[in-house]
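Each remark here refers to the structure printed beneath this line.
Since the model is a prediction, treat every value here as computed from it, not as a measurement.
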Amino acid sequence: MGNKYGIRNKDDSFKELIKNRNDLKDAVEGLDPVYELRKKILLLRLDEGLSQEELAARAGMRQSVISRIENGESEPRIETVNKIARALNRKVKIDLV
């Protein structure tokens, strides 16, 4: 249950803090690998001139899967990312630094 500000936990607190601070939001998003992956998928799709429907068809999945990934509504599994990468003639590289 949230307090009078509707904040339930520290993640919500942080989101509320940076909500109207684009300078902080950009810095934080740059540190989030899932955000970077979503952005990369979107940019590669657009560079290829593909709609979400076309990319989904190439990857053998529903358009709604691509939409949820790009919009941040779901975190893709590695096998899903691999399918999307192949559909974009790319390979997945995972690195721990």
Side-chain angles (χ1 to χ4, degrees):
M1 177 140 244
N3 58 26
K4 68 180 179 177
Y5 300 106
I7 296 171
R8 292 181 299 278
N9 58 44
K10 66 179 179 169
D11 291 331
D12 287 344
S13 299
F14 190 70
K15 288 175 186 172
E16 184 67 24
L17 175 68
I18 66 170
K19 180 171 67 173
N20 295 316
R21 291 282 311 272
N22 287 334
D23 56 331
L24 291 176
K25 186 177 177 191
D26 291 343
V28 169
E29 288 176 344
L31 299 175
D32 180 359
V34 178
Y35 171 81
E36 291 299 319
L37 176 62
R38 288 185 178 111
K39 185 168 79 171
K40 185 76 169 184
I41 289 170
L42 172 64
L43 293 175
L44 287 171
R45 177 177 67 78
L46 295 175
D47 285 348
E48 294 287 325
L50 298 172
S51 67
Q52 288 181 346
E53 293 86 3
E54 291 166 326
L55 176 56
R58 283 187 183 187
M61 59 187 63
R62 295 184 318 274
Q63 175 272 332
S64 61
V65 173
I66 302 296
S67 177
R68 286 194 310 272
I69 291 169
E70 289 183 357
N71 293 324
E73 296 171 14
S74 71
E75 290 190 9
R77 297 189 325 240
I78 289 178
E79 56 263 27
T80 302
V81 175
N82 274 324
K83 288 179 182 180
I84 293 170
R86 283 193 298 273
L88 293 166
N89 297 313
R90 304 292 175 136
K91 291 191 286 185
V92 174
K93 178 183 175 187
I94 298 174
D95 191 11
L96 300 175
V97 294

Dump the intermediate steps for side chain to side chain contact (heavy atoms under 4.5 Å, CB included) on Arg58 and Leu50, then the final yes or no.
CA-CA 10 Å; Arg58 283 187 183 187; Leu50 298 172; 3.6 Å; yes
For Ile78, look at atom CD1 and say whether over 12 heavy atoms of other residues, nucleotides or ligands are found less than 6.0 Å away.
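No - once you tally the heavy atoms of other residues, nucleotides and ligands closer than 6.0 Å, there are 12 at most.
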Crowded around Arg90 CZ? As in, over 12 foreign heavy atoms under 6.0 Å?
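No, CZ of Arg90 has 12 or fewer neighbouring heavy atoms, counting only those of other groups under 6.0 Å.
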Using the rule that Ile, Leu, Val, Met, Phe, Trp and Tyr join whenever any side-chain heavy atoms are under 4.5 Å apart, tell me whether Leu43 and Val92 fall into a single cluster.
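In one cluster: no.
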For residues Ile69 and Val34: do they belong to one hydrophobic cluster (side chain heavy atoms under 4.5 Å, members Ile, Leu, Val, Met, Phe, Trp, Tyr)?
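No; Val34 is not reachable from Ile69 via cluster members.
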Glu70 pairs by salt bridge (Lys or Arg N to Asp or Glu O under 4.0 Å) with which of Lys40, Arg38, Arg45?
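It is Arg45; the other options fail the test.
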Rounded to the nearest 0.5 Å, what separation is found between the [atom1] atom of [X] and the [atom2] atom of [Y]?
X	Y	atom1	atom2	result
Leu88	Ile41	CG	CD1	8.0 Å
Leu55	Met61	CG	CE	7.5 Å
Leu46	Gln52	CG	CD	9.0 Å

Closest heavy-atom contact between Gly49 and Glu54?
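Looking at all heavy atoms of both residues, the closest pair is O-OE1, 3.8 Å.
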For the side-chain contact (heavy atoms from CB on, under 4.5 Å) test, which of Ile84, Leu42, Thr80 pairs with Ile66?
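Looking at Ile84, Leu42, Thr80, the match for Ile66 under the side-chain contact (heavy atoms from CB on, under 4.5 Å) is Ile84.
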